[in-house]
Amino acid sequence: MSGNFEHLHGNHACALAAVAAGCRFFAGYPITPSSEIAERMSKELPKVDGTFIQMEDEMGSLAAVIGASLGGVKAMTATSGPGFSLKQENLGYASLAEVPCVIVNVSRGGPSTGMPTRPAQSDIMQSRWGSHGDHPVIVITPDSVAEIYNETIRAFDLSEKFRVPVVLMFDQVIGHLQETVEVSDARKLKTIERKWAKGDKDGFEPYAATKDAVPPMARPGDGKRAHTTGLTHAESGFPTQDTEIVARNMNRLLSKLEINKKEIEKYECVETGDAEYLIVTIGISARAARRAVKTLRRKGVKAGLFRPITLWPFPEEAFRQAAAGAKAVLVPEMNAGQLVLEIERLGSDDCHVAGLNKIDGEPIVPAEIVAKLEELAR
Amino acid sequence: MELTEVRFAGSGGQGLILCARILFRALSLEGKTAARSQGYEPTSRGGFCFSDVVAGDDELDYPLATALDFLLAMDQVGVAPSRSLLKKGALVVADQRLTPQPPTGNVELYRTPLTDQAIALGNIRVANIIGLGLMCGLGGICGKESLAKAIEGETPRNFLDLNLEALEAGFAAVGELEAA
């Protein structure tokens, strides 16, 4: 094997990739099963003159991350279910104020404090709709330790490029999984830097419309006037409730991900070309689905897997294409039925959509997917 | 190498995750593709704890254990949640003192005084490494040299000699054992 291979724990892979991506600020509050990310960041950041802060709680953590990012630094926080709930208010703030930041949610059983050490995938809808108000957010869901590494880097790139909070979400199994990963040489890694405002500081508007709907940001210290608020604002950054200005600015904000969706969407198709039975799932359930597809194919069932890597915005067109010839779509997920709602929304009328749900704190195993799909195929 | 699935199960704090980390590293040193998973209860000590290593020659589609070839049961609490995962004919090593009711039936069971052997070596905490050595010796999961190298990478330097001694003791116990 060439390259630099390391035997990494999922959460450690996330921390190392963040540093490789240029993250130099981490604020967090420890919570199982995400704590190893904070722990590793506390060791890695001082080596690169970065800053690690254990804050008083989860709300303060994301607030500190937003502050660091406004100061021009790539910043991240990590948490799990209960902490993710607490971060929703500031996630909305980062969405509206367009502050790049990466929020990791290593998901565990809920609701409330739930099952701290057991996996779940029950934050799928919360990750998209958890904060109040219409807001843009990107959610990425890796299914292996190697993908945690690579997608953490991509999370920073997308967040910086589109000035949007990016949620990196994986279940406890993947977070605590150890696999062999090829790690990047940070010096050779090409990462995306934020679009900084150039030109005259007179007349600069921090939220001016652009072709890609991403306004250039005032670099701290450049002398350009910038005002940041959680209130709905005009191009100037100052609050307004003028209907015309509000509509214009909100439409731009909400169009950002749609305009740039080609760059944001990412998915994997396994044997979908001739698939009559399509499985759609994420995280550890997708690893089970990989094995299930092999088993089913051996049994003569034309099964395939569509795996959204960018979960939100959901890769709609790619899914529709993968499902084009499918008689049925199965959505295995460790919750009471969340992703299945999106698939039902997107599926055609003549395609049967079924769920396979598990909420007992144990991962879905390949045999369960095989059995359910064989039942659908009968 | 056929896909091989190994579980270390017992009570939180017995070094089960460390054992699995050592095996993961040793198998990787031997060129295998491996994945290690783990689970524990929300208690600082005690409660069911396990760590599984799945290894083969090819890329691992599913990284979790579905049919265990090997089980090291260090405590009774590790038995019930692992029983249904045991493959027919699986090799089970169980600590005699802490696992009074090991899995029986379609398994090759070895009951052995790992804890007592560790106390004899001077530290009860190396019972896990003795068990690791014994199970690898009995089952040929991976070589002693790879395990020794992995122990060097995974354990504190102050305990290196003791851990290596425990590994030796585990391999040495292979010949002395008879299937229960």
Side-chain angles (χ1 to χ4, degrees), chain A residues 1 5-12 31-33 35-36 80 108-109 113-119 143-147 171-181 268 270-271 283-295 297 305 307 360-370, chain B residues 3 5-6 8 12 16-68 80-82 84-85 87 146 149-150 152-154:
Chain A
M1 286 195 282
F5 288 85
E6 285 193 31
H7 308 308
L8 289 179
H9 177 280
N11 284 344
H12 289 178
I31 180 168
T32 302
S35 298
E36 296 85 2
S80 184
R108 71 189 215 187
T113 12
M115 290 182 285
T117 64
R118 296 296 178 93
D143 83 336
S144 70
V145 180
E147 202 165 83
D171 49 79
Q172 175 270 336
V173 177
I174 301 290
H176 283 174
L177 191 66
Q178 189 178 17
E179 291 181 300
T180 304
V181 178
E268 186 191 7
V270 180
E271 306 259 25
I284 189 61
S285 307
R287 297 293 290 270
R290 283 174 193 281
R291 169 102 33 110
V293 167
K294 281 187 195 164
T295 308
R297 287 265 166 184
L305 165 67
R307 181 172 71 89
D360 62 358
E362 286 289 331
I364 293 171
V365 299
E368 289 169 321
I369 298 176
V370 170
Chain B
L3 193 67
E5 303 188 356
V6 186
F8 301 87
L16 303 154
I17 290 174
L18 176 63
C19 257
R21 272 170 42 193
I22 292 167
L23 181 62
F24 174 94
R25 191 188 274 246
L27 286 166
S28 300
L29 284 170
E30 293 188 356
K32 303 289 180 259
T33 305
R36 186 186 64 77
S37 53
Q38 64 189 50
Y40 48 86
E41 298 299 323
T43 47
S44 53
R45 276 172 206 83
F48 171 54
C49 175
F50 75 91
S51 191
D52 295 345
V53 176
V54 172
D57 290 323
D58 306 319
E59 197 184 323
L60 296 166
D61 46 10
Y62 185 60
L64 306 185
T66 58
L68 294 170
S82 309
S84 65
L85 280 173
K87 207 187 244 181
S146 316
K149 219 179 262 181
E152 259 177 66
E154 292 287 350

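Each chain gets a letter, A, B and so on, in the order its sequence line appears, and its residues count up from 1. Reckoned from all heavy atoms, side chains included, excluding hydrogens, waters and symmetry mates.
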Using non-hydrogen atoms only, which part of [X] is less than 4.5 Å away from chain B: side chain, backbone, both, or neither?
{"X": "A:P119", "value": "neither"}
{"X": "A:V173", "value": "side chain"}
{"X": "A:I284", "value": "both"}

Is the side chain of [X] donor-acceptor paired with the backbone N or O of [Y] at a distance under 3.5 Å, no angle test?
{"X": "A:E36", "Y": "A:H12", "answer": "no"}
{"X": "A:R108", "Y": "A:G114", "answer": "no"}
{"X": "A:R297", "Y": "A:E271", "answer": "yes"}
{"X": "A:D171", "Y": "A:S285", "answer": "no"}

Region of B:T66 that comes under 4.5 Å of a non-hydrogen atom in chain A
side chain

In terms of heavy-atom proximity below 4.5 Å to chain A, should B:A35 be classed as side chain, backbone, both, or neither?
both

Straight-line distance of [X] [atom1] to [Y] [atom2], nearest 0.5 Å:
{"X": "B:E154", "Y": "B:K149", "atom1": "CD", "atom2": "NZ", "answer": "14.5 Å"}
{"X": "B:K32", "Y": "B:L23", "atom1": "NZ", "atom2": "CG", "answer": "12.0 Å"}
{"X": "B:R36", "Y": "B:R25", "atom1": "CZ", "atom2": "CZ", "answer": "11.5 Å"}

With under 30° as parallel and over 60° as perpendicular, where do the rings of B:F24 and A:H7 fit, or are they tilted in between?
perpendicular

Could you tell me which residues in residues 49-65 of chain B have at least one non-hydrogen atom under 4.5 Å from a non-hydrogen atom of chain A, sorted by residue number?
B:L60, B:D61, B:Y62, B:P63, B:L64

